[in-house]
Amino acid sequence: MSADQGRLAEGAWTAPVMDRAELTTEQVLKRDIPWEHYMSTKLISGTCLQLLRRYDHKPESQRAPLLEEDGPAYVRVFLNILRSISKEETVEYVLALIDEMLAANPKRAALFYDQSLSGEDIYEPFLRLLWKGNWFVQEKSCKILTDIISARPKLQNGMLPNGDASNSKSKLTSTHDVLRDLVDWLCSQLRNPTHPSCSIPTSIHCLSTLLREPYVRTLFVQADGIKLLIPLISPASTQQSIQLLYETCLCIWLLSFYDAAVDYLSTTRVMPRLVEVVKGSTKEKVVRVVVLSFRNLLAKGAFAAQMIDLGLPQIVQNLKAQAWTDEDLLDALNQLEVGLKENLKKLSSFDKYKQQVLLGHLDWSPMHKDPSFWRENINSFEENDFQILRVLMTIIDTSSDTTALAVACYDLSQFLQYHPSGRIVVADLKAKDQVMKLMNHGNTEVRKNALLCVQRLFLGAKYASFLQA
């Protein structure tokens, strides 16, 4: 082998000057790869060369019968090339061939599990490239891994695909290892995108497929991945952003079947975001997956109270009046409507108030100025070591929403008026200084309610009823 041949074989030649992150599949597939050279240097066999000559640069109409007849043989050829040849242009080319093969017919992913490939480690080449390649290589490896691992056969005779014996240790890469690495890579891309415009859409697209598996949901929650989805849930207008929104909401729907994910979602602002999306979206598939998520979450935790507080019953009525064609969406809307009505009857006014405070969505709803609400529920404020009061203090200390500040001050003043130990409790919370700062606020309503709260704090319950907001 000549020195030049050796450099070619080892991938030492530099690639043409081009931003490899911006490569397209079409550009890569126009390349002429020196297959004959690879055979002469014994990096591929004569049989591989014959198969490649029949397949390379041929239209899908000619490739389809070849794959129908010798599909597993072509998979073996592609895998062998990825293992034995490190030259970047060739690796990119073979990945583009596999990606194109699967895109033309997703059922071809089953070729990787043909019995004739039972001794092959079908995952390792892609898993290695997932972490080491350029963006084009990483993206293709991720998509291909997602496609083939999602197509694997179910457990049969104690054996899993790719050598995962249920009763023995195998040297082949296990499906659990692949799923774990895939989830880690996808989360790393969502946290720190390698590509400014492609990393997030690619990651969400793959997650929307992989999260169909219960094991992946577990891995994703353990990787703290849910919080990476929440910022992506917002109304969209362009075709690309609508697709990203749809697939993000699809991930949320899939996670809504897993209790640990639901518990985590309950600590986020996912519900207000989903409500905003469903209010502003005209794309039926987006509305459908959000409504299906609502239906799943309705019976879990405090989501029903959140939905009611965010006005979902009226939104459902508005959605039902539109001309949808999807039967699943229509059925889900009807079920959601019934469920919300039932929950509306069950929820006490204090439950609704509590959700409003915990969400930070304070406004002048009727209960705030209803004396009967305060008389009937004043003892409920003692729950969880006066949790609601502590949240009100956080709002007063950190919120920039003038309505929320005004309502929080007013509610604190109402607690001072109606609770027999109101002054002691509020003093223990060190509320005075925080509220007094708001007496110089630029907003008139905030100043007025801060003043009322301070007056009641100094006067006590005996005289507090003489003060009016």
Side-chain angles (χ1 to χ4, degrees), residues 226 230 233 249-281 286-322 324 326-370 372-384 387-388 391-392 395 404 407 411:
I226 295 179
I230 308 302
I233 304 172
C249 292
L250 181 56
C251 290
I252 297 295
W253 175 64
L254 292 167
L255 288 164
S256 71
F257 290 94
Y258 179 44
D259 286 345
V262 172
D263 290 343
Y264 187 95
L265 285 169
S266 68
T267 68
T268 71
R269 290 185 57 77
V270 68
M271 192 55 63
R273 285 180 172 272
L274 289 174
V275 168
E276 284 305 307
V277 164
V278 88
K279 279 167 61 178
S281 183
V286 174
V287 175
R288 180 184 69 243
V289 77
V290 173
V291 170
L292 289 172
S293 300
F294 286 153
R295 187 182 65 181
N296 275 10
L297 295 172
L298 182 64
K300 299 178 180 180
F303 282 110
Q306 285 190 42
M307 292 177 191
I308 290 167
D309 197 50
L310 291 166
L312 195 58
Q314 184 57 52
I315 294 168
V316 169
Q317 290 295 316
N318 297 340
L319 289 172
K320 287 187 67 177
Q322 297 182 42
W324 307 111
D326 189 294
E327 289 187 8
D328 286 343
L329 171 56
L330 296 171
D331 288 345
L333 282 169
N334 287 330
Q335 292 171 26
L336 192 56
E337 180 183 37
V338 172
L340 286 169
K341 284 181 179 176
E342 290 174 354
N343 277 278
L344 196 55
K345 293 175 186 174
K346 294 177 188 175
L347 285 173
S348 72
S349 55
F350 186 74
D351 289 323
K352 290 183 229 175
Y353 173 79
K354 184 176 179 179
Q355 282 305 310
Q356 194 182 95
V357 174
L358 293 178
L359 285 169
H361 287 169
L362 289 177
D363 58 32
W364 291 112
S365 52
M367 70 181 80
H368 295 277
K369 296 192 175 183
D370 179 5
S372 62
F373 166 79
W374 293 96
R375 281 194 296 269
E376 292 167 10
N377 295 290
I378 197 64
N379 291 331
S380 298
F381 282 80
E382 297 175 8
E383 292 176 2
N384 299 321
Q387 179 194 25
I388 294 298
V391 177
L392 285 174
I395 292 171
V407 174
D411 287 0

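The first residue of the sequence shown is numbered 1, and numbering continues consecutively from there.
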Under 3.5 Å, is there a donor-acceptor pair linking the side chains of Gln355 and Asp351? no
In terms of heavy-atom contacts, Ile233 and Cys249 come closest through CG2-SG, 4.4 Å
Over all atoms of both residues, closest heavy-atom pair of Ile395 and Gly360: CD1-CA, 4.2 Å
Apply side-chain contact (heavy atoms from CB on, under 4.5 Å) to the pair Ile252 and Val289, showing each step before the final yes or no. CA-CA 9 Å; Ile252 297 295; Val289 77; over 6 Å; no
Criterion side-chain hydrogen bond (donor to acceptor under 3.5 Å, both in side chains) on Gln314 and Asn318, from CA distance to verdict: CA-CA 6 Å; Gln314 184 57 52; Asn318 297 340; 3.1 Å; yes
Quick check: closest heavy atoms across Leu310 and Ile315, and the distance to 0.1 Å? O-CD1, 4.1 Å
Rounded to the nearest 0.5 Å, how far apart are CG of Leu329 and CG of Leu292? 7.5 Å
Looking only at atom types and distance, does a side-chain atom of Lys300 sit under 3.5 Å from a main-chain N or O of Ser266, one as donor and one as acceptor? no
From Tyr353 OH over to Phe381 CZ, what is the distance, rounded to the nearest 0.5 angstrom? 4.0 Å
Val291 and Val316, any side-chain heavy atoms less than 4.5 Å apart: no
I need the Arg288 CZ to Leu330 CG distance, nearest 0.5 Å. 11.0 Å
Any donor-acceptor N/O pair, Trp324 side chain to Leu319 backbone, under 3.5 Å: yes
Dump the intermediate steps for side-chain contact (heavy atoms from CB on, under 4.5 Å) on Met271 and Leu297, then the final yes or no. CA-CA 10 Å; Met271 192 55 63; Leu297 295 172; 3.9 Å; yes
Val270 and Leu265 have their tightest heavy-atom pair at CG1-O, 3.7 Å
Out of curiosity, Met307 CE to Asn343 CG, how far, rounded to the nearest 0.5 Å? 8.5 Å
I need the Phe294 CZ to Trp253 CH2 distance, nearest 0.5 Å. 15.0 Å
Could you check whether any side-chain heavy atom of Trp374 comes within less than 4.5 Å of a side-chain heavy atom of Asp411, counting everything from C-beta outward? yes
Could you check if a side-chain atom of Lys341 sits within less than 4.5 angstrom of a side-chain atom of Glu337, using non-hydrogen atoms only? yes
State, to 0.1 Å, how close Asn296 and Ser256 come at their nearest heavy-atom pair, and which atoms those are. ND2-OG, 2.9 Å
4.5 Å side-chain heavy-atom contact, Met367 and Phe350: no
Flag the pair Arg273 and Glu276 as a salt bridge only when some basic side-chain nitrogen lies within less than 4.0 angstrom of an acidic carboxylate oxygen. no
Where do Lys354 and Ile388 land on the side-chain contact (heavy atoms from CB on, under 4.5 Å) test, with the steps shown first? CA-CA 7 Å; Lys354 184 176 179 179; Ile388 294 298; 3.5 Å; yes
As an exercise, state the distance from CD of Gln306 to CG of Leu312, rounded to the nearest 0.5 Å. 11.0 Å
So Asp363 and Val407, do their side chains get closer than 4.5 Å, heavy atoms only? no
Do Lys369 and Trp364 pass the side-chain contact (heavy atoms from CB on, under 4.5 Å) test, and can you show the C-alpha distance, the side-chain angles, and the key distance before you say yes or no? CA-CA 8 Å; Lys369 296 192 175 183; Trp364 291 112; 3.5 Å; yes
